[in-house]
Amino acid sequence: MLEEVGELIVTTLWMAIGITGIFLLYVAIAASCAFVAKLILQGRKKEEGFNSLKTVTFGDESSVSANRLASVLGVIAIFLLWGIATGSKFAPPILPGPHQGVATFEYTAVNAAGQSDTGTVFVHTHEEGDTPTLTEIGAADGFAVDDVVQVKVRRSKLLKAQNNDEGGKEDGFRVTHINSQPIEADQTVDYDGGSLKMTKKGSLSIAPYPGMTMEALYLPPPEQVWSTFLDLNANGYQNVGLWENVFWSLSRVVIGFALGALFGIPLGFAMGLNGWLRGWFDPLVEFMRPVPPLALIPLIIIWFGIWEQGKISLLFLASLWIMTIAARAGVSGVNISKVHAAYSLGASKSQLLRKVILPNSLPEIFTGARVAMGVCWGTVVAAELVAAEKGAGKMIIAASKFQLTDIVIVGIIIIGIIGYGIDILMRKAENRLIPWKGKG
Amino acid sequence: MSGLIIDDISMTFQLPGGGSVEALKNINLDIKEGELMSVLGPSGCGKTTLLNILAGFLAPTSGHSRLGEDVVTGPHPARGMVFQKGALFEWMSVSDNIGFGPKMKGTPQAEIDKIVEELLDIVGLQEFSKKMIYELSGGMQQRVALARCLANEPDVVLMDEPLGALDALTREKMQALVLKLWKETGKTIILITHSVEEALLLGERLLVMAPRPGRVHKEYRLPFAEIGAGADLREVKKHPDFGPKRDEILNMIWDMEEEIMGRKEG
Ligand SMILES: Nc1ncnc2c1ncn2[C@@H]1O[C@H](COP(=O)(O)OP(=O)(O)OP(=O)(O)O)[C@@H](O)[C@H]1O
Ligand SMILES: [Mg+2]
């Protein structure tokens, strides 16, 4: 136990260091871009409007608006870093890529009789799926016969050079030098395309230089993700179209959220207006609120199975409490003067509810709806990861089983963009429907 | 229509800590129909509490009030209220706010439109009928609040510092408007204010209240409202009696405030 905690602390510290490194790198890029942008934009027309006349801006949140140029550059920087890290064709080749093509080295072998001879090894390093035209080996001038080896990029290959040599199977036959450098078991020697290590049994483990860029298995370059996207867009994955997957995820979210709002808002109003109902539901709501929807997945699967009913129930539960609490907050946020005024003007209870309490709580309800939509979107993807026929999450998890990282990344990007899009739409709707928000 | 009678009202708030505050003690008042009464008093003397009881938002611990024969038990359109601020409905346009009362009663829309138009005219907001509340200045908003209250044709208009949040100039215009409305509609108006000048200008009858327990300290009958209804308010302030009355009441309130402070420090 204590040991594990110790490990945890060490891991955390390492992570902190790693995060700091990445963060500093990104901030440094941001800062240098800011510097360059400032130099370029100097002398251009200053920003206009009221904010430009404020002398106190640092600390005045309202005078800080997001710099759109910075947003664009920030996104470009991410793509650029991504491209550099993965050796993209469209990024400057700052990090060396893995070795590809033909490299040769000579080995010196001693046969059982004690004679020595040299042979050449041609190492063909190629991308997965490529079939390189291999070097033709000419006739040998001694007992050591040349070898041809094919290695995939970033992989290694075991070569027993003596296998095709004359007398190579005899005792005492062994490889002694690589490119005139002596080598023994467990020693590593570089050749011009990478390094090789001699195993205990005298074989050569050839490892072409892997480069410093990331392998597509871990992170494919942007262009590969783009072409995967085009392919998915046209052909889908596992017989389900990309947008069909997205459509199913979205439908679940919309239906689950709508159900949650349909029941949550009246429940919240009831709790805000009636002491018995508030008392009745308070423990339930307060208990369910902190339970993350994901923790309910096992139960939901047991109860409703893995089909639509289960997922929609889950999303219903995810949004129900949020909407309930938002509606309740909306009711309690009504300025008491408004209620008094409405009654004094002759409003009945139901008129008060419809004409005053409902519109007055719309801002709170909208805020709740934005949160609920975000939570639902996250929950649906997670639920689909566990079990689904179709859906964005299902596509990701299916692709991950075959290590199709590019599809996973396409999925993640689409999920992010749609989540962002939902929030933007909700905010637009909010501005249109409740222009009085924050102005009461 | 008939007068508003306050019959031996007392109000004691139980504090959560266990103590209690006597916000009002044995208030007896007889407010005639069409009377314009202003109420003055140091902070915490129970003015708002009294008005809330008259509006029917609070039930007194003892005593009762009635409008004519109708005992006050809750809010009623016959007793309209103009709040200091925050009581307009931001989600409605100016016209919809003003027409709210008639609409609740089920008045036909054509009739509501007529009432609204008339009131917009009276408070001088004809051009703003379609505007939203948050697009108006504070003074305009108070004019809407006044119009909304009047649209319901209440017998009594209760105002709790309706002009307290306005600047001096707007305030003066609004005072003239209140006087004009009072004269033209003949409504009973009770107006709470912190400004002695305002109380003098807008009170045929002026009530000075004293705190702990909240009670009526002194009453005045004043000629200024009657004069001001037909003349420039600034002229009224030059009336030979105006200055002395103002100083007298100011001193009275000052003494009360000092007493409170003294008691607190002691
Ligand atoms: N809901 C309440 N609970 C407890 N005490 C209250 C409550 N409302 C008012 N009081 C107390 O009653 C007294 C009178 O309050 P009230 O608001 O009527 O004063 P006021 O004359 O309107 O003051 P101000 O001029 O500051 O508006 C105060 O001492 C106040 O603390
Ligand atoms: Mg008050």
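Throughout, protein chains are lettered first and strands after them, A, B, ... in sequence-line order, and every chain is numbered starting at 1.
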### Query
Counting N and O atoms only, with roles assigned by atom type, does the side chain of Gln351(A) sit under 3.5 Å from a partner on the main chain of Met104(B), one being a donor and the other an acceptor?
yes
### Task
Evaluate whether atom CH2 of Trp248(A) has more than 12 neighbouring non-hydrogen atoms of other residues, nucleotides or ligands under 6.0 angstrom away.
no
### Message
Does Glu153(B), at its CD atom, have more than 12 non-hydrogen atoms belonging to other residues, nucleotides or ligands within less than 6.0 Å?
### Response
no
#### Entry: Closest contact, heavy atoms only, Pro75(B) versus Ser344(A)
CB-N, 4.0 Å
### Task
Verify the neighbour count for atom CH2 of Trp280(A): are there more than 12 heavy atoms of other residues, nucleotides or ligands below 6.0 Å?
no
### Message
Can you tell me if Gln126(B) has over 12 outside heavy atoms packed within less than 6.0 Å of its CD?
### Response
yes
## Note on the structure
Closest non-hydrogen contact found for Gly346(A) with Asn152(B) is N-ND2, 4.3 Å
### Within 6.0 angstrom of Glu308(A) CD, more than 12 heavy atoms from elsewhere
yes
### Message
Taking salt bridge (charged side-chain N to carboxylate O under 4.0 Å, His left out) as the definition, give me every residue that meets it alongside Asp423(A), ordered by chain and number, with sequence neighbours left out.
### Response
Arg370(A), Arg427(A)
### Contacts of residues 91-102 of chain B with chain A (heavy atom under 4.5 Å)
Trp91(B), Met92(B), Phe100(B), Gly101(B)
### Message
Between Phe89(B) and Val356(A), is there a side-chain heavy-atom distance shorter than 4.5 Å?
### Response
yes
### Nearest-0.5 Å distance, CG of residue Asn335(A) to CD of residue Glu90(B)
8.5 Å
#### Entry: Option in Ser348(A), Ala347(A), Pro359(A) with maximal non-hydrogen atom pairs under 4.5 Å from chain B
Pro359(A)
#### Entry: Which residues share a salt bridge (charged side-chain N to carboxylate O under 4.0 Å, His left out) with Lys349(A), sequence neighbours left out
none
### Message
If you count every heavy atom of other residues, nucleotides or ligands that lies below 6.0 Å from Lys105(B) atom NZ, does the total exceed 12?
### Response
yes
## Note on the structure
So, the part of Leu88(B) with a heavy atom under 4.5 Å from chain A: the answer is backbone
#### Entry: Arg79(B): salt bridge (charged side-chain N to carboxylate O under 4.0 Å, His left out) partners, not counting sequence neighbours
none
### Query
In Å and rounded to the nearest 0.5 Å, what is the OG to CD distance from Ser337(A) to Gln84(B)?
9.5 Å
## Note on the structure
Looking only at heavy atoms, the pair that brings Arg148(B) and Ala341(A) closest together is NH2-CB, 3.3 Å
